[in-house]
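To find a chain, count down the sequence lines: A is the first, B the second, and so on, and within it residues start at 1. Computed from a predicted model, the values in this text were never measured in an experiment.
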Protein chains: 4
Amino acid sequence: MAQDTKTRILTSAVELFAENNYHGVSMTEIAEGAEISKGTLYWHFDSKKELFREIAFSGMDHFNRLFTEIVNKEGTSKEKIKNLIECVLETLVDNLNILDVFRNNIELINNNFKDTLELKHQQNIGVVTNIIEQGIAEGFIKDADPNDIATIILTVLFTPQTKKLLDGAENVDQKIDFIYDFLMNGISREEH
Amino acid sequence: MAQDTKTRILTSAVELFAENNYHGVSMTEIAEGAEISKGTLYWHFDSKKELFREIAFSGMDHFNRLFTEIVNKEGTSKEKIKNLIECVLETLVDNLNILDVFRNNIELINNNFKDTLELKHQQNIGVVTNIIEQGIAEGFIKDADPNDIATIILTVLFTPQTKKLLDGAENVDQKIDFIYDFLMNGISREEH
Amino acid sequence: MAQDTKTRILTSAVELFAENNYHGVSMTEIAEGAEISKGTLYWHFDSKKELFREIAFSGMDHFNRLFTEIVNKEGTSKEKIKNLIECVLETLVDNLNILDVFRNNIELINNNFKDTLELKHQQNIGVVTNIIEQGIAEGFIKDADPNDIATIILTVLFTPQTKKLLDGAENVDQKIDFIYDFLMNGISREEH
Amino acid sequence: MAQDTKTRILTSAVELFAENNYHGVSMTEIAEGAEISKGTLYWHFDSKKELFREIAFSGMDHFNRLFTEIVNKEGTSKEKIKNLIECVLETLVDNLNILDVFRNNIELINNNFKDTLELKHQQNIGVVTNIIEQGIAEGFIKDADPNDIATIILTVLFTPQTKKLLDGAENVDQKIDFIYDFLMNGISREEH
DNA sequence: TATGAATGAGGGTTCATTCAT
DNA sequence: AATGAATGAACCCTCATTCAT
């Protein structure tokens with residue numbers, strides 16, 4: 001029952017934080033969403049900040065696990081980049097909430113959990129950087145700062161507009177290819 | 001004098017909304033920042049939401065003016081794209097808070113001003129789309145949906161990580177070139 | 001109106017703190033007692049602690065003024081001690097609230113305002129010490145540590161039981177004489 | 001084991017009530033102090049008030065036993081008064097928290113247990129009154145209302161300042177003599 | 001006996017908003 | 001135009017208390 005309650009709280013909180021920035025969500029709403037009393041909410045989480053922190057951290061860790069898995073698989077950098085894009089875009093389509101939580105709370109994260117979350121974020125970038133380095137070594141990716149490239153890839157993938165591109169699309173796969181192509185080749189006309 | 005007060009309010013509000021999401025900023029703080037009383041604040045703006053709306057709208061209009069100017073100038077699409085990138089990145093570097101205001105308040109905008117602001121946003125994309133169309137016609141840009149391309153360009157330019165890339169950089173021009181190159185050619189190794 | 005409101009708040013707060021220890025009094029009750037809203041209460045005082053502080057400090061200062069007045073008057077130490085006792089006992093009879101506030105909140109005072117209030121308390125003892133020193137010089141008071149004597153006098157005067165002695169008494173003057181006699185001569189049978 | 005738990009609860013509660021007035025102490029803290037769960041705490045005591053009541057009553061009874069013992073011993077009133085003072089001051093020095101519990105909760109006691117505790121208090125005064133009556137009969141104590149005298153003695157002995165006098169003292173015995181002398185002879189210069 | 005989980009009323013405090021001056 | 005004072009709803013959080021296990 002206890003674990004069930006905690007899960008219900010987290011589900012309710014993620015849902016609300018995904019819609020309405022941290023300050024726009026009240027503990028009362030979270031409790032109502034989880035169908036428990038406010039007292040119970042505070043029995044499971046010491047404070048609103050702590051609750052948010054747990055969500056944010058576990059979200060970051062979730063991506064870290066996914067990315068690490070991709071890196072450790074056998075395969076070319078090309079395959080891994082495709083995996084990476086598919087993995088993020090699938091998350092975007094299937095379970096957008098965590099990403100929206102981050103988007104809605106950039107300032108909060110920066111002001112309160114900057115140190116720890118920035119660290120986790122840099123770790124995630126670091127994992128992706130491995131793929132880029134492999135790609136450079138394989139002659140598949142241009143020889144620029146791999147960390148910058150990893151950063152800009154995640155930037156594009158985690159951007160609200162990317163989500164919007166998918167939302168309105170009749171053919172999702174086609175949009176995914178568009179994004180992949182953009183990441184790989186940019187917008188210029190290729191002439192080879 | 002009246003105009004002066006209103007300007008001071010807007011300056012104070014932009015500064016605060018750029019740091020601390022809408023719900024994290026109080027009218028008291030805005031009034032204090034503008035060095036006026038709360039009564040005066042409410043004399044100039046009917047409500048907090050109205051104040052925010054004015055800021056968001058004028059921010060959008062600001063970019064609309066800049067982009068339209070670029071489009072209407074004589075020149076190739078290549079020059080215009082370079083202009084566009086420089087224009088946005090300069091705004092980023094000059095630290096025009098309005099961008100942070102948007103970033104911190106995506107959810108508020110989505111929930112409250114979606115219709116009107118989305119319209120303005122689409123107008124801005126539309127302006128940039130003109131450049132892309134010109135580029136496609138000139139054989140400079142690949143033949144994909146020009147609206148999608150415009151969207152993804154603005155996405156990359158208006159992203160916090162892009163700003164961060166510039167912040168930490170020793171050589172800003174070099175980073176600008178990096179972003180320009182990324183937009184044009186992506187991350188793959190070019191082989192021509 | 002503003003000053004009036006502040007006075008009403010203080011009156012309400014003193015009354016309640018005199019009956020029910022700090023933690024037993026709510027800001028809601030204080031506001032209700034003053035017939036204002038809680039918002040107004042917080043407009044005048046930043047916090048509950050701050051409100052209490054103001055009451056405690058002003059109470060101390062009140063006695064400091066009274067005691068200083070007595071010390072500075074012309075007269076023998078005997079007259080001054082009588083004045084002192086009458087002054088405190090009159091306050092006990094007329095306006096017990098402030099004293100009860102102190103009594104009900106010894107622990108709070110010790111834990112929170114110890115430094116400042118202890119200082120004020122020592123100042124008050126210091127003023128009374130002047131009288132004792134004069135008494136010793138005049139050969140009227142025994143030659144012991146004047147600070148200790150001043151302390152024990154104020155102790156007896158400010159004690160709840162002293163108040164109780166007066167409460168139940170048919171003849172208040174007689175009880176006052178009893179206390180005066182106790183302070184001067186103790187409980188032993190005098191044999192001169 | 002059951003007895004052990006109850007004792008641990010009482011010890012924890014006395015310690016906390018001695019530091020932080022009734023309303024400033026939570027049942028959670030008491031349970032934590034006793035290293036038991038809140039459920040267990042409520043198994044042993046029906047309510048917070050009931051727990052406090054038990055502490056207050058047993059404290060009163062403790063002094064009643066001590067005082068009765070003194071009264072019933074053979075000896076002069078002088079010896080008994082010395083015994084009484086020593087007994088209370090030793091308790092003060094040994095830092096029996098129960099005295100601080102009373103001091104911190106005068107208002108609570110007055111508002112809730114007035115009838116029963118006042119009765120017990122009057123019983124204690126009554127026991128001391130026996131000593132005073134003996135003293136008057138022996139010509140050792142002045143011929144005033146013995147109940148008033150007993151009241152004022154306990155007042156002085158149970159006062160926080162009395163404890164403070166002892167706390168700071170280099171020579172405790174000397175301070176005890178000072179208090180004894182004050183009780184017996186007051187502050188005036190003796191001329192016999 | 002003992003526990004962890006749950007409750008809901010109430011605590012201090014903040015805040016957008018109003019209004020007489 | 002501008003202000004200070006007032007309002008009351010809502011907010012985060014604590015607490016005494018209960019109860020199934």
Is the backbone of [Y] close enough, under 3.5 Å, to the side chain of [X] for a donor and an acceptor to pair up by distance?
| X | Y | answer |
| --- | --- | --- |
| D/Tyr22 | D/Lys49 | yes |
| B/Glu118 | B/Asp115 | no |
| D/Gln122 | D/Leu119 | no |

Rounded to whole angstroms, how far apart are [atom1] on [X] and [atom2] on [N]?
| X | N | atom1 | atom2 | answer |
| --- | --- | --- | --- | --- |
| D/Trp43 | F/dT18 | CH2 | C1' | 16 Å |
| C/Asn20 | E/dG11 | CG | P | 11 Å |
| B/Glu35 | F/dT3 | CD | P | 11 Å |
| A/Ile36 | E/dG4 | CD1 | P | 19 Å |
| D/Phe52 | F/dA16 | CZ | C1' | 16 Å |
| B/Glu50 | E/dT17 | CD | P | 11 Å |
| D/Lys6 | E/dA2 | NZ | C1' | 16 Å |
| B/His44 | F/dA1 | NE2 | C1' | 6 Å |

Is there a side-chain contact (heavy atoms from CB on, under 4.5 Å) between A/Ile98 and A/Ile55? Walk through the geometry before answering.
CA-CA 8 Å; A/Ile98 284 284; A/Ile55 290 171; 4.3 Å; yes

Contact string for nucleotides 8-13 of chain F, one letter per nucleotide 5' to 3', B = base within protein heavy-atom range under 4.0 Å, S = sugar-phosphate only, - = neither, reads B--SBB

What is the distance from atom CG of D/Asn20 to atom CG of D/Asn105, rounded to the nearest 0.5 Å?
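Result: 10.0 Å between the selected atoms.
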
First locate atom CD1 of A/Ile9, then atom CG of A/Asp4, and finally report the distance between them rounded to the nearest 0.5 Å.
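One gets 10.0 Å once the value is rounded to the nearest 0.5 Å.
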
Would you kindly say whether C/Asn64 and C/Asn124 are connected by a side-chain donor-acceptor distance under 3.5 Å?
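Result is yes, a qualifying pair exists.
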
Step by step, would you call B/Met27 with B/Phe45 a side-chain contact (heavy atoms from CB on, under 4.5 Å)?
CA-CA 11 Å; B/Met27 291 298 260; B/Phe45 293 92; 5.5 Å; no

Which stems does DNA chain E form, counting runs of 3 or more consecutive Watson-Crick or G-U wobble pairs with both distances under 3.5 Å?
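In DNA chain E, stems of three or more pairs: E:2-21 with F:2-21.
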
With under 30° as parallel and over 60° as perpendicular, where do the rings of A/Phe17 and A/Phe52 fit, or are they tilted in between?
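Answer is perpendicular, since the angle exceeds 60°.
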
